[in-house]
Amino acid sequence: MLSEPRSGRLAAWGNALLAGFVSPDDAALAIVGEDAVHRVEGLPGESGPVGLTLALGRMRALGVTGLRVALPAPGHPLGLSGPSEFNARALDAEEAAICFGAAFGLVPEVYEAGPDGDVHVEVVWHCLAVREAPPADVPSLGEAERELAEALREATEVLSRLDVAGSGPVAEAAVDAYRARAERGREVLAPGYPPRAVRVLELAQRVGLLISVAYENGHGGAVSASEIAARSLALRPVERTARRAQVAAYNAFVEERERGVR
């Protein structure tokens, strides 16, 4: 939850490209981000892996009019619609981008090489068939915003009561650093997204950061087994809610198109 999912970048900037808000080169550059290169393998009509710019153009020619995101976890097939082969690959990667207008989706496989401090990252997106059906457990933007605010309040109360590190100054300092990095140029979403989607995604990412800090900074004041279990029980549902909100935000572009807003 700390980092922006690659499928989120692919969906957001792919949607901006498909809607005519950005050029193919600008979309590809934003999707790649700090990685070295992205390729797409298994795309219909292509005999081998192709570069991202070419792949985005081919997808449009194949009838793709939008991209959704899936962020599944064990026991929670969030955003998926099948079949089992695609779901299994997406679950293994913990993310996927699913095309709207054509029955296939893309699952990233990440390769890293090089010494610490100079890691070279390449991403291969595997194109696989998907079932054309509503995605699993994806809320509307309004539902996601309400659920996230409520879950955050409940989790903060529990974490504060247990004196967990994720609810104190360490977490707030990490959040401030995260905001500073974002303000130095990272766009939360691509052009064309509704302001509410930006707001929901920002809150979901902030909640995800707090959860990560809580997990990464030990048990705080929760020294007994029952207190540690209580902390985990508090974090799990809010983490799930934050993932649902992220998916709702990324998928808002396609959802508006389906409702005829665009």
Side-chain angles (χ1 to χ4, degrees), residues 1-12 14-15 31 40-44 59 64-110 123-148 150-152 154-155 189 197 200-201 203-205 207-209 211-212 215 232-259:
M1 293 292 294
L2 255 175
S3 61
E4 183 182 27
R6 289 181 172 89
S7 58
R9 293 204 307 267
L10 176 62
N15 285 330
I31 293 166
V40 179
E41 183 177 72
L43 197 61
M59 288 161 61
V64 176
T65 58
L67 291 158
R68 289 189 173 107
V69 169
L71 297 177
H76 188 205
L78 175 62
L80 298 176
S81 58
S84 57
E85 179 186 359
F86 182 83
N87 286 5
R89 293 287 290 268
L91 182 58
D92 187 56
E94 299 182 342
E95 61 175 306
I98 300 171
C99 297
F100 182 70
F104 59 86
L106 302 160
V107 179
E109 185 171 4
V110 180
V123 178
V124 175
W125 293 91
H126 297 281
C127 184
L128 301 165
V130 298
R131 182 180 298 127
E132 294 184 292
D137 198 35
V138 178
S140 69
L141 270 179
E143 291 170 337
E145 192 169 31
R146 290 191 298 271
E147 291 172 2
L148 195 55
E150 181 180 351
L152 180 58
E154 292 177 355
L189 279 171
V200 168
L201 184 58
L203 180 57
Q205 290 176 340
V207 170
L209 178 62
I211 292 168
S212 297
Y215 275 130
S232 296
L233 286 173
L235 291 177
R236 278 199 297 270
V238 76
E239 183 177 26
R240 181 186 180 106
T241 299
R243 283 192 299 108
R244 293 179 78 236
Q246 270 196 304
V247 172
Y250 284 121
N251 292 5
F253 201 99
V254 172
E255 301 308 322
E256 284 197 348
R257 173 164 290 179
E258 282 192 289
R259 295 199 311 270

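Across every non-hydrogen atom of Pro134 and Ser81, the tightest pair is O-CB, 3.9 Å.
Arg89 has its side chain within reach of Leu128: a pair of non-hydrogen atoms, C-beta onward, lies under 4.5 Å apart. With a 4.5 Å cut-off on side-chain heavy atoms, Leu71 and Ser7 count as touching. Side-chain contact check for Phe104 versus Val64: some heavy-atom pair is nearer than 4.5 Å. Pro108 has its side chain within reach of Glu95: a pair of non-hydrogen atoms, C-beta onward, lies under 4.5 Å apart. The shortest distance between side-chain heavy atoms of Met59 and Val40 does not fall below 4.5 Å. For the pair Glu109/Glu41, no side-chain contact is recorded, criterion being any heavy-atom separation below 4.5 Å from C-beta on. Contact check for Pro77 versus Leu91: no side-chain heavy atoms found under the 4.5 Å cut-off.
Atoms CZ and CG, from Arg240 and Leu235 in turn, are 15.0 Å apart once rounded to the nearest 0.5 Å. The structure places CG of Leu80 at 10.5 Å from CG of Asp137, a figure rounded to the nearest 0.5 Å. Note that CG of Asn251 is 9.0 Å distant from CG of Leu141, once rounded to the nearest 0.5 Å. In this structure, the separation between CG on Leu201 and OH on Tyr250 is 4.5 Å, given to the nearest 0.5 Å. To the nearest 0.5 Å, the span separating CD1 on Ile98 from CD on Glu132 amounts to 11.5 Å. Between Leu189 atom CG and Arg9 atom CZ the span is 12.5 Å, to the nearest 0.5 Å.
For Asn15 (side chain) and Gly66 (main-chain N/O), no donor-acceptor pair under 3.5 Å exists by modelled atom type. Side-chain N or O atoms of Arg243 include none that pairs as donor or acceptor with a backbone N or O of Leu78 at under 3.5 Å.
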Pair Trp125-Arg6, side-chain contact (heavy atoms from CB on, under 4.5 Å): steps then yes or no: CA-CA 10 Å; Trp125 293 91; Arg6 289 181 172 89; 4.0 Å; yes

side-chain contact (heavy atoms from CB on, under 4.5 Å) for Arg236 and Thr241? Distances and angles first, verdict last. CA-CA 9 Å; Arg236 278 199 297 270; Thr241 299; over 6 Å; no

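A salt bridge links Arg244 with Glu147: the distance from a Lys NZ or Arg NE/NH1/NH2 to an Asp or Glu carboxylate oxygen falls below 4.0 Å.
Under a cut-off of 6.0 angstrom, the local environment of CD in Glu85 is sparse, with at most 12 non-hydrogen atoms contributed by other residues, nucleotides or ligands.
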